[in-house]
2 protein chains.
Amino acid sequence: MSEEKKWTLKSIALHLGVSNATVSNAFNRPDQLSKDKRQQILKACEELGYFGPNKAAQSLRKGTSNIVALVLPDSVEYMVSDPVASSFMRGVAGIIEERGNNILLFSGTQDNLNNVVDFVDGFICYGRPRNLNLFAHLSSVTKPVVTVDFDLPNRASVNIDNTQAAYDAASSALTQPQAQVAILGLRLLDTNVVCRVYDENLPEDLGTSIAHQRLAGYQRALREKHLTFLPELLWSIPESSEKYATIAAQEALSLTPRPNVLLCMSDLIALAAMRVAKSKGIRVPEELKIVGFDGIQEALLHSPSITTIQQNSVEKGKTAALLFLERSTQKVQLGYKLIQGQSN
Amino acid sequence: MSEEKKWTLKSIALHLGVSNATVSNAFNRPDQLSKDKRQQILKACEELGYFGPNKAAQSLRKGTSNIVALVLPDSVEYMVSDPVASSFMRGVAGIIEERGNNILLFSGTQDNLNNVVDFVDGFICYGRPRNLNLFAHLSSVTKPVVTVDFDLPNRASVNIDNTQAAYDAASSALTQPQAQVAILGLRLLDTNVVCRVYDENLPEDLGTSIAHQRLAGYQRALREKHLTFLPELLWSIPESSEKYATIAAQEALSLTPRPNVLLCMSDLIALAAMRVAKSKGIRVPEELKIVGFDGIQEALLHSPSITTIQQNSVEKGKTAALLFLERSTQKVQLGYKLIQGQSN
DNA sequence: CTGTTAGCGCCTTCAG
DNA sequence: CTGAAGGCGCTAACAG
């Protein structure tokens with residue numbers, strides 16, 4: 001540990017009196033030399049403290065690194081607070097780790113992939129990045145990309161049918177003829193504040209976002225029940241957190257007449273709404289029906305339990321990782337399950 | 001997007017009719033050429049779709065990459081499920097991201113750092129790695145290392161005084177003369193199962209682990225109160241999860257005579273114990289006092305709230321990241337706070 | 001400010 | 001199995 005010499009492939013070869021090609025082959029191409037010689041070389045290297053060819057040099061030469069970038073929709077900070085995102089990450093990590101690859105976390109707030117693109121073998125992208133420049137860059141990158149919860153032309157992807165799922169969720173709540181529906185949307189607008197969404201400020205390019213897809217599902221259910229939806233009852237919440245969701249729920253439940261159905265685009269939003277309702281003495285589901293989305297543990301265990309769409313985020317992660325490792329460009333649609341709870 | 005030529009520094013220089021040193025300087029050393037020329041070059045590069053020098057080559061040449069490996073005590077999978085670990089990660093990510101660095105997740109189950117050591121600038125190591133080979137390798141690596149919740153000679157570290165904190169927690173619970181204490185320890189033994197810990201199987205090298213430190217604190221408090229501790233009332237739980245904690249709590253609370261004080265080395269363990277007690281109709285704190293460790297949200301909001309040691313994991317993460325970025329070798333001790341809850 | 005050059009550490013090919 | 005050579009893409013040093 002004291003006289004640690006810094007070995008390189010060349011210096012090791014010299015030291016062992018063999019050609020550097022042979023050392024290289026001992027590590028990378030076992031078929032190119034005899035078992036004996038190979039064992040002998042590897043053993044000597046271990047004793048000398050040479051742990052194999054320098055990976056950075058190898059990566060430059062071969063163009064692969066066994067590192068995959070996990071591109072998060074938002075900052076890394078936010079990611080680890082969100083239970084759905086965490087589950088997804090668990091799925092990805094399980095597979096990637098098992099195959100001896102490593103994960104580089106990449107924040108979706110950055111402007112482009114330049115800082116890491118040359119280090120990694122490709123990208124798994126969870127949710128459309130918040131930064132639109134980054135989003136654009138992802139389309140043009142020459143390395144493999146797997147997208148999750150959104151699509152990119154010619155790239156592998158993993159999705160669920162958000163529109164149908166939202167339709168199912170909404171339908172289960174729209175049973176009374178006098179339903180007065182409010183929708184607490186997740187990131188319908190590209191802004192950091194809680195606000196109402198009026199038609200005119202719904203951006204065009206959101207057509208592909210899960211928020212927009214879910215909204216379409218809700219609206220289809222409403223139409224089918226011949227319910228009219230008031231545009232002022234649509235909120236955009238910037239992130240799935242208690243803080244912002246509470247603000248929106250407060251606004252919604254302070255209106256007169258008060259909505260009696262709350263369609264929430266995430267369970268965390270639904271849970272926040274539940275707390276607001278409780279604090280206002282509004283009974284769920286008698287006076288107010290609430291449905292969520294995601295199927296997180298907390299929502300299912302809550303009392304009353306929340307009606308929600310359960311998606312298997314761990315499986316989503318595993319699927320994305322496998323598609324990546326296979327260099328597939330397949331588009332996969334996973335299933336979901338409507339969980340009927342006590343909240344409607 | 002169609003005729004994407006793959007530019008290199010050299011080909012760009014040729015194309016622009018300048019020396020490659022000048023292109024390199026335009027990106028890396030603004031002082032080496034005039035503002036005008038620089039702007040002109042950068043603009044041309046952007047138009048051509050050259051996003052700057054290849055990072056892998058740069059890294060090989062310069063030996064730095066702006067990537068830091070976050071070494072986790074266990075698999076990545078486990079990491080993202082644990083609220084304390086997640087908070088720590090939030091702290092690290094906030095600082096690292098802000099400085100334009102990136103985080104590579106490294107699982108503590110791997111045998112050595114070889115897969116990534118050549119790619120990263122150094123290591124932030126959260127908790128002693130479960131794999132002891134990896135632990136050993138960390139000591140001998142030539143790049144900067146910051147350790148958290150354990151120490152390595154000549155390396156920067158971030159800790160709290162676990163022994164004192166455990167002592168404080170235990171003292172607050174040991175008020176009655178007839179205290180019958182059971183301890184639910186976290187990873188006192190290097191095994192994957194829940195089991196009792198008898199003196200003879202307490203490994204020597206655990207002297208430096210937080211579990212051992214906390215145990216020492218508990219024992220000091222017991223001694224001071226002249227309480228005798230029965231060795232069969234000490235459990236080792238392999239990870240801070242509901243599943244394993246429940247098993248241990250079940251075992252402990254099924255004994256006759258039943259312990260009336262439960263010292264738990266994490267809040268998740270304490271919460272599980274609380275649930276077990278409830279299911280058995282044991283009243284807390286009247287018949288059973290419980291103290292936890294960590295100060296996670298859920299423990300504080302629980303009813304009855306749990307007496308615990310609050311440590312600021314986000315700050316821990318920030319501190320570790322700053323020490324790393326400063327290439328410091330300082331050993332930092334952070335504070336903690338005893339939160340008196342209703343569980344004792 | 002330019003142009004050249006020598007590596008960073010490795011892999012692959014090719015003739016022997 | 002060896003040995004030599006070219007090159008992955010870049011940076012730093014140096015002479016001009």
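Note that the structure is a prediction, hence the values are computed from the model and not measured. Sequence lines set the chain letters: A, B, ... in the order given, protein chains first and strands last, and positions in each chain run from 1.
Taking atom CG of residue A/Asp31 and atom C1' of nucleotide C/dT12, one finds them 13 Å apart after rounding to whole Å. Here the P atom of nucleotide D/dC10 and the CZ atom of B/Phe51 are 14 Å apart, to the nearest Å. Between the CZ atom of B/Phe119 and the P atom of C/dG9 there is a distance of 14 Å, given to the nearest Å. Distance A/Asp118 CG to D/dC10 P: 8 Å, rounded to the nearest Å. Atom CG of A/Asn25 and atom P of C/dC14 are 15 Å apart (whole Å). If you take CG of A/Leu14 and P of C/dG9, they are 15 Å apart, rounded to a whole angstrom. Protein atom CZ of A/Phe27 is 10 Å distant from nucleotide atom P of C/dC10, rounded to whole Å. If you measure from atom CG of B/Leu16 to atom C1' of C/dG3, you get 16 Å, rounded to the nearest angstrom.
Every residue two or more places apart in sequence or in another chain that forms a ring-ring contact (aromatic ring centres under 6.0 Å, His included) with A/Tyr50 is listed here: A/Phe27. For A/Lys143, the salt bridge (charged side-chain N to carboxylate O under 4.0 Å, His left out) criterion is met by no residue, not counting sequence neighbours. When the side chain to side chain donor-acceptor pair (under 3.5 Å) test is applied to A/Asn312, no partner is found at least two apart in sequence or on another chain. For B/Ser107, the side chain to side chain donor-acceptor pair (under 3.5 Å) test picks out B/Thr109, with sequence neighbours left out.
Using a 4.0 Å heavy-atom criterion, one finds that A/Asn28 contacts the sugar-phosphate atoms exclusively. When heavy atoms are screened at a 4.0 angstrom cut-off, B/Arg38 is found touching no nucleic acid atom at all.
Considering only side-chain N and O atoms, B/Thr22 lies under 4.0 angstrom from the phosphate OP1 or OP2 of C/dT2.
Judged by distance alone, the side chain of A/Asn112 and the main-chain N or O of A/Asn133 form no donor-acceptor pair under 3.5 Å.
Every pair passing side-chain hydrogen bond (donor to acceptor under 3.5 Å, both in side chains) that includes a residue from residues 314-327 of chain B is listed here, sequence neighbours excluded: B/Asp149-B/Lys316, B/Gln311-B/Lys316.
Within 6.0 Å of NZ on B/Lys10 lie no more than 12 heavy atoms contributed by other residues, nucleotides or ligands.
If you find the closest nucleotide of DNA chain C to A/Val23 and to B/Lys37, the one lying nearer the 5' end belongs to B/Lys37.
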Please produce a list of atom pairs where a protein N or O lies less than 3.5 Å from an N or O of nucleotides 5-9 of chain D.
{"residue": "D/dG6", "atom": "N2", "partner": "A/Arg61", "partner atom": "NH1", "Å": "3.0"}
{"residue": "D/dG7", "atom": "N2", "partner": "A/Arg61", "partner atom": "NH1", "Å": "3.3"}
{"residue": "D/dG9", "atom": "OP1", "partner": "B/Lys6", "partner atom": "NZ", "Å": "3.1"}

